[in-house]
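Working notes, beginning with the structure itself.
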There are 2 protein chains.
Amino acid sequence: MPKPDPSLVDGLFQLSFVLLARLSRIAAEHDLSVVQVRLLGILRDREPGMLELARHLELEKSSLSGLVDRAEKRGLVERIPSPSDRRAATIRVTAQGRKLSRVIAEAVTAEVDALVHVLPEADRKRLAVLVERVCASSATLGAASRTR
Amino acid sequence: MPKPDPSLVDGLFQLSFVLLARLSRIAAEHDLSVVQVRLLGILRDREPGMLELARHLELEKSSLSGLVDRAEKRGLVERIPSPSDRRAATIRVTAQGRKLSRVIAEAVTAEVDALVHVLPEADRKRLAVLVERVCASSATLGAASRTR
DNA sequence: TATTGTTATACTCTATAACTATA
DNA sequence: TATAGTTATAGAGTATAACAATA
């Protein structure tokens, strides 16, 4: 009977809320939302179109228009018209956006890193491996992504 | 030099987004938002006033009025006037709210449990312990909570 | 016809500031 | 005066549906 105690699941969600709250607070200190931070993060090594971006963020394309509008208005991203398809554009992070993204990432990493440093080196390594495996299983087991 | 590779932090955030996306999808299937689910969760074993509820959710009290309004309109919670203080009220989850909360919690737990079952029993136990410790360190190191 | 993206509309969520009523 | 809570207002984020322009 796979009727396991939910303490692991509860713990994982508790940790998720802690991490997200911290990300949210740090982002807000720079007048950004979590979604905007994610947007900039995705653009770090990609120059996707609106549809691809929507897929990455799991949002409707119409939701992206406003999201990108606001980011563009702040000079964080640019719409680059596609030369081959006059309907399409790709979204590119600006130097300013990249910088802001980096500042936030560093602050968040420093803070969360301090958190995980209650664990000794060996345990941190082990935790990283375990978390990595669960993430991989999520990609395989889909559901959230498989739905579309 | 504490300049650690950020792979653990990245992994933790990646996992957080996966979990939140799943919670969000399952909640949406029941026409609830993540915040509403958290609200019901907090009320599972408490009957707090608006201010206490705001503190738990890390929201302004004014944000709670609407939140509770919408939950009350759907019959998920009730405002119980305090007999001793005519300004105050406590928020109580209804039987319907409790039931909905349970249904969602079970669906989420089942799904995430399936995810963590890529790990063998021993690793799941270990993961639970490590996650628990990091959560505890968050409570100690504050920052998110210490700010207020 | 199909695809890329935007616009119109409506709702939830959130904060700040001002307010009401009670303590 | 101080506290519990609401209201007014504004803005971000999101979805659905309809639309425009291009393929």
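A, B, ... follow the sequence lines: proteins, then strands. Residue 1 opens every chain. Note that the structure is predicted; figures quoted are calculated from it, not measured.
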If you assign each of Leu32(B) and Ser65(A) to its closest nucleotide in DNA chain C, which residue comes earlier from the 5' end? Ser65(A)
Distance test, side-chain N/O of Ser63(B) to OP1/OP2 of dT14(C), below 4.0 Å: no
dC13(C) P sits how many Å from Lys73(B) NZ, rounded? 12 Å
Any N/O donor-acceptor pair, Ser62(B) side-chain to dT16(C) base, under 3.5 Å: yes
Which of dG5(C), dT14(C), dT14(D) is nearest the side chain of Arg70(A)? It is dT14(D)
If you round to the nearest 0.5 Å, how far is CD1 of Ile42(A) from NE2 of His56(A)? 6.0 Å
Nearest heavy-atom pair of Ala21(A) and Glu58(B): which atoms, and what distance? CB-OE2, 4.1 Å
d(Arg22(A) CZ, Ser138(B) OG) to nearest 0.5 Å is 4.0 Å
From Leu23(B) atom CG to Arg38(B) atom CZ, the distance as rounded to the nearest 0.5 Å: 9.5 Å
One pair to check against side-chain hydrogen bond (donor to acceptor under 3.5 Å, both in side chains): Thr94(B) and Glu78(B). What are the steps and the verdict? CA-CA 7 Å; Thr94(B) 64; Glu78(B) 300 172 291; over 6 Å; no
Please give, in whole Å, the distance from dT4(C) P to Leu59(A) CG? 17 Å
What are the residues of residues 75-90 of chain B, sorted by number, that bring a heavy atom to within less than 4.0 Å of DNA chain D? Arg79(B), Arg87(B), Ala88(B), Ala89(B)
Length of the CG-C1' vector between Leu39(B) and dT14(C), whole Å: 15 Å
Relative to the 5' end of DNA chain D, which residue comes earlier, Val34(A) or Lys61(A), by the nucleotide with the nearest heavy atom? Val34(A)
What does Leu67(B) touch in the nucleic acid at a heavy-atom separation under 4.0 angstrom: a base, only the sugar-phosphate, or nothing? sugar-phosphate
Find the distance Leu64(A):CG to dG5(C):C1' and express it as a whole number of Å. 10 Å
Rounded distance [0.5 Å steps], NE2 in His30(B) versus CD1 in Ile104(B): 5.0 Å
Would you give the length of the straight line joining atom CZ of Arg98(A) to atom CG of Leu40(A), rounded to the nearest 0.5 angstrom? 10.0 Å
Separation of dT14(D) atom P from Leu20(B) atom CG, nearest Å, is 13 Å
Return the value, rounded to whole Å, for the distance between atom CD of Gln36(B) and atom P of dC11(C). 16 Å
Specify the separation, in whole Å, of atom CG of Asp69(A) and atom P of dA8(C). 12 Å
Rounded to whole angstroms, how far apart are CZ on Arg38(A) and P on dT14(D)? 9 Å
